[in-house]
Amino acid sequence: MHKLLKPWDYLILTASNEEQSAAYKSQLQLRQKLGLIQDVKQIMVVSDPGDRRIGSGGSTILCIMKVLQRELAGCLGYSKSPSAWQEILQRLRILIIHAGGDSRRLPAYGPYGKIFMPLPGESDSALGTTLFDRLLPVYLKLPVSESGEGQIVITTGDVLLDFNPEEVCFAEQGITCLGCLASLGVAKNHGVFCSGHSGTVRMFLQKPSIREQNKYGEVNRYGQSLLDIGVMNLDASAAVKLLQLCEFSENNKGKFVWDGLLTQEITASGLDLYREICCAMGKDEYFPHYHSSLHAGGSKISKAFLEKIFKTISEIPFHVHTLSNCNFLHFGTMHQLIESGTDLLSKNHAPSRHYDCLSINNEITDDSHITGVSSWIEGCRIKSGLTLGGENVVVGLNIEEPLSIPKKCCLDVIRGSSQNDKQVWFVRIYGIDDKFKISVERGAIICGIPATDWIKAVGASNEDLWPKDLPDNEKNIWNARIFPAVSFHQDYMKWLWMFDPTKSSKREKQAWITTDRYSLEEIANLVDHAFFYKRRVDNRVKIVCRSIRWMFRFQSSFSAEDLAFIFRNLTESDRLSLVINIIKEAYRQYGKKEAVPGLERLEFSRVIHSLGSAISKSTEKNNIDWEGTSTLEEMLRLFGGGIDLTTLAAIPGGSGLGTSSIMGAVLISVINRMVGKELINRELFHCVLKLEQELTTGGGWQDQIGGTVDSVKVINTGPGMIPDPRIHYVPSDVLNPKSNDGQTLLYYTGLRRLAKNILRNVVGNYLDHNRGSMATLRKLHKLPPLIMEAMACKNMKQFGEMIDLAWRLNKQIDPDSTNPIIEEILNKFKPYMYGAKLLGAGGGGFLLVICKSPEDAEAARSLMKSAPPNRLARFFDYEISPYGLVVTVC
C-alpha cells in the first residue's frame with residue numbers, strides 16, 4: 001500500500017490507573033469526533049494493572065499483549081504461540097505513547113496526566129491545544145517501516161519534540177532509536193548512545209556522568225554526545241522477544257493474560273524500557289557491566305531476572321538514527337512548565353517578544369488583571385486582580401477578590417472526593433523548587449524550606465503526616481498528609497498562610513492540625529477527572545465565543561464540528577447570542593468592499609454553511625423543504641419562445657464520464673455558432689460552469705475541459721471562484737488501449753450515479769472545514785504530479801497503483817462513492833489489475849481498470865462477460881480523441 005494511505009492500526013496511550021484511563025478515552029474519542037486524529041484505525045488506552053506502576057517496559061509489554069488479545073479474539077489455542085504473535089504483528093503499525101506515571105514533580109497535573117495538559121498558544125480547535133495535540137502529528141508522520149516486518153513505535157508523552165519525521169530512516173531489523181547531538185551536561189540526565197558503524201549501537205548508557213560519557217561513548221570534537229530523544233521503533237521479531245520475557249496463558253474467559261515469576265517482579269518493581277531494556281542491548285555490552293550499572297541506577301529487579309532479560313534482549317539488533325536537528329521542550333517540572341511554555345509561545349509567535357506571564361485557557365473578566373513575571377496561570381476564572389511575585393504556578397482557581405501570591409509559591413485547587421465519598425476541594429500549596437520524591441531524612445523540601453523546618457513551624461509531628469509503621473526512609477512529601485480538603489472552592493483563601501507557616505497564628509495552625517488532610521499520593525486517586533476537563537471546556541467555550549472573527553478567518557481550520565461542540569456546551573440563551581454574532585460575522589464577510597482574492601471569496605459561504613451544519617449536528621431538527629415552484633412551460637411563456645434542441649449521447653446516463661458538462665459545452669458551442677459567435681476555450685469553459693450551476697448539478701468545474709480539448713492531459717487551476725485552467729499534455733500510452741495492447745479496460749458497472757449529491761457532500765465538508773476531509777484533500781493534491789510522472793515514464797505499474805490510490809482516497813473523502821456491488825466487482829478484477837477507479841465522483845458509472853498484462857486483461861474480460869453483476873454491465877471499447885470538440889454545420 002502506498003505510504004500516503006498506510007494508516008496506523010493502533011494508537012495506544014498508557015495510563016496510571018482506571019480513572020485516568022477513562023478520562024483519556026473520553027478525550028481521545030472527543031478528538032476523533034472533531035477530526036483531530038487522522039490516519040488511525042483503532043484507539044486504545046491501557047492502564048497499569050491494579051493501579052501498580054509497572055514502568056515503561058512493563059507497560060509496553062502489556063500494550064502489545066492487549067493488541068494481540070484483540071487480534072486473537074476467537075482464535076483459541078493461539079495465544080501462547082510466538083509464531084502466531086509474530087505473524088499478527090508483522091502486518092500492524094502500532095504507536096504507543098507512554099502517558100502514565102505519577103508526575104510527582106508536577107503536582108498540578110499529576111493526577112490527570114501531563115499528556116492532556118493545556119499549552120499556551122493560539123488554536124483553531126474547540127478544545128484548545130494540549131501537549132497531546134502538539135506531539136501527535138509529528139509521531140503520526142514517522143515513516144512506514146520498509147521491511148514489511150511490522151512496526152511498533154514507542155514514545156514518551158511528557159516531551160514536545162520538534163524534528164522532521166520525513167528524514168527518519170528505521171533499520172530493517174530489530175530496534176531503532178532516534179538520537180540527536182547534545183552537550184555532555186545535557187546528556188548526563190538522559191540516555192546516551194555509543195554508536196558504531198552504520199548506526200549500530202555499541203552500548204547504551206542511562207544518565208551517564210560526564211566521565212562515563214568520555215570513557216564509553218564517542219564524544220565528538222565539539223564536546224557532544226548522542227542523546228536519546230525517547231522515540232523507539234521495533235519490528236515484530238523484537239516485540240516478540242519482549243513478550244517472551246513473561247509467561248502468558250488464557251483465563252477462564254479465554255482472554256490473553258500474563259503471569260509467571262518475572263511478571264510478578266515487574267508488577268512489584270517495574271520494568272523501565274530505557275534502563276532494563278535498552279541498557280541490555282548493544283554489541284559491546286556485557287552482563288557484569290549491565291548488572292552493575294542498573295544496580296547503581298536504582299533498578300530493583302533481582303540479578304537472576306536481569307540475567308534472563310539480558311540473555312533475551314541482547315540478541316536484538318540495535319540501531320540509532322541521528323537526526324540532523326531536533327529541539328525538545330520538557331514539561332516534567334514546574335520550572336520546565338514555565339520555561340518550555342515561554343519558549344513555545346516565543347517560537348510560534350514573536351521570538352523577540354518578552355512574555356511576563358503565561359495565561360492559558362483562563363476566563364478573565366474585563367475589570368480583572370494579572371500582574372507578575374515568569375509564571376504559569378491555567379484553568380482559572382479571574383474576576384479580580386491577581387498579583388504574582390514571580391516563578392508561580394497557579395492552576396484551577398476562582399479568583400473573586402484581589403489575590404497576591406508570593407514569589408516561588410505554587411497553588412492549585414482541584415475537585416474530588418473525600419475518604420467518606422463527599423465532594424471536596426483539595427487545596428495544594430507548595431514551592432516551585434520543592435522536592436517531593438526524596439525522603440525527609442535526605443532533605444525533602446516543602447514550600448521552599450526543609451520539610452523538618454516546615455513541620456516544626458506548623459506545630460506538627462511525624463504522626464500527623466505519616467502512618468506510624470512507615471519507615472523513615474520512605475517518608476516524603478509525596479505521601480505526607482499536608483493538603484487540606486475544603487467544602488467550598490473559595491475556602492482555599494484560608495490556607496494561603498501555609499507557604500510561610502512562621503507567620504501563621506496559633507488558631508490557623510490548630511485548624512490545620514484538626515482539618516481533613518490528604519497526601520499528593522491519596523489525592524491522585526480521589527480527583528474528579530471529568531470535572532477537570534469540563535472546567536477547561538467551559539473556559540475554552542467562552543474564549544471561542546469572544547473570538548468568532550478570529551475563528552472564521554481564512555487560514556483557520558475551525559470546523560462545523562467544532563462549532564457544534566461549542567453549541568452543545570452553551571445554555572440556550574448563550575447559544576442564541578452566538579448564532580446572532582456568527583450571522584453578523586457572515587454579513588461582515590459579505591459586505592467587504594475591498595477586493596477579496598481567490599478562495600477568500602468563499603468565506604461568507606463557509607460561515608453560513610458551518611453555522612447550518614453545526615445547528616444540524618447539535619439539534620434534532622433537520623427538515624427543510626427547498627422544492628421550487630416554477631416550471632419550464634411558465635418560463636418559456638414569459639420569455640416568448642425557445643429553441644428546440646435534440647441531443648444524443650451514446651453512453652448511459654450517470655456514467656461518470658462528465659457527460660453533462662461535455663453536452664453543455666456542445667450545446668453552448670452550437671447556440672453561439674447559430675448566432676455567429678465563436679467562443680475561445682476559456683469563455684466556453686466558464687459558460688459551461690455557469691450553466692451547470694444554474695441547473696444545480698454541482699458540476700462544470702473540469703469535465704468540459706477534459707471533453708473539449710484533445711488528447712490526454714493534466715488540468716490544474718489556481719484558487720478562485722472562476723477557474724482559469726492550465727493544461728499539461730502527457731503521453732497517452734498507459735491509458736490508450738491501442739498503445740498498450742488492450743491492458744486498460746473500460747467497464748460499465750450497470751449502476752447509475754449522480755455527482756450532485758456526492759459533490760455536495762465533499763464541498764459541504766470543505767466549507768465546514770471537516771478535518772478528515774481536509775486531510776484527504778491534501779493527499780489528493782499530491783497525486784497529479786505522481787500520475788504525470790508515471791504517464792511520462794510510461795510506467796504501467798506505477799500508473800495503476802496511483803489510480804488505485806486515487807480511488808482509495810475518493811472513498812475516504814466520501815464513503816458513499818462506493819457500495820457493496822462496486823466492491824464485489826472490484827474484487828473480481830483484483831487478481832488481474834494494478835489498480836482501478838470509478839470515473840467521476842463515484843457511486844456507479846464506468847470503471848477504469850489498469851491490468852497487469854494483456855493476458856490479464858483478456859482473462860478479466862472473459863470472467864466478467866461470463867458472470868456480469870447485472871444485465872446492464874458490460875465492457876466498452878474506447879480510444880483517445882486527437883480532435884476534442886468539433887462543431888459541424890450541415
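Keep in mind that the numbers below use all heavy atoms, side chains included, and drop hydrogens, waters and symmetry copies.
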> Determine, for R540 against D124, whether the closest basic-nitrogen to carboxylate-oxygen distance falls under 4.0 angstrom.
no
> Going from NZ on K811 to CG on D816, what distance comes out if it is rounded to the nearest 0.5 angstrom?
13.0 Å
> Only pairs at least two apart or in different chains count here, so list each salt bridge (charged side-chain N to carboxylate O under 4.0 Å, His left out) that has a residue in residues 841-853.
none
> Find the distance between NZ (K584) and OH (Y587) and round it off to the nearest 0.5 Å.
12.0 Å
> Could you walk me through whether D724 and T717 pass the side chain to side chain contact (heavy atoms under 4.5 Å, CB included) check?
CA-CA 6 Å; D724 192 8; T717 67; 5.8 Å; no
> Between the side chains of K738 and E879, is the shortest nitrogen-to-carboxylate-oxygen separation below 4.0 Å, so that they form an ion pair?
yes
> Could you tell me how the ring of F552 sits relative to the ring of F558: parallel (under 30°), tilted (30 to 60°) or perpendicular (over 60°)?
perpendicular
> Do E692 and S660 come close enough that some side-chain heavy atom pair is under 4.5 Å?
yes
> Atom CD1 of I825 and atom CG of L751: how far apart are they, to the nearest 0.5 Å?
6.0 Å
> Nearest 0.5 Å, what's the CD1-CD distance between I850 and Q798?
12.5 Å
> With ring pair (Phe, Tyr, Trp, His ring centres under 6.0 Å) as the test, pick out the partner of F829 among W807, Y834, Y747.
Y747
> Hey, is K617 close enough to E561 for a salt bridge, meaning N to O under 4.0 Å?
yes
> With no hydrogens and no angle check, do the side chains of Y832 and S853 hold a donor and an acceptor under 3.5 Å apart?
no
> Check R606 against R553 and note the closest heavy-atom contact, atom names and distance.
NH1-O, 3.0 Å
> Among R93, K6, K779, find the one that has a side-chain hydrogen bond (donor to acceptor under 3.5 Å, both in side chains) with D39.
K779
> Just by distance, with hydrogens left out, do S817 and D814 show a side-chain donor and acceptor under 3.5 Å apart?
no
> When you compare the side chains of S559 and D768, does any donor N or O come within less than 3.5 Å of an acceptor on the partner?
no
> Of all the heavy-atom pairs spanning L826 and M833, show the shortest one and how long it is.
O-CE, 4.1 Å
> Could you check if a side-chain atom of S125 sits within less than 4.5 angstrom of a side-chain atom of D562, using non-hydrogen atoms only?
yes
> Quick check: closest heavy atoms across A665 and L885, and the distance to 0.1 Å?
O-CD2, 4.2 Å
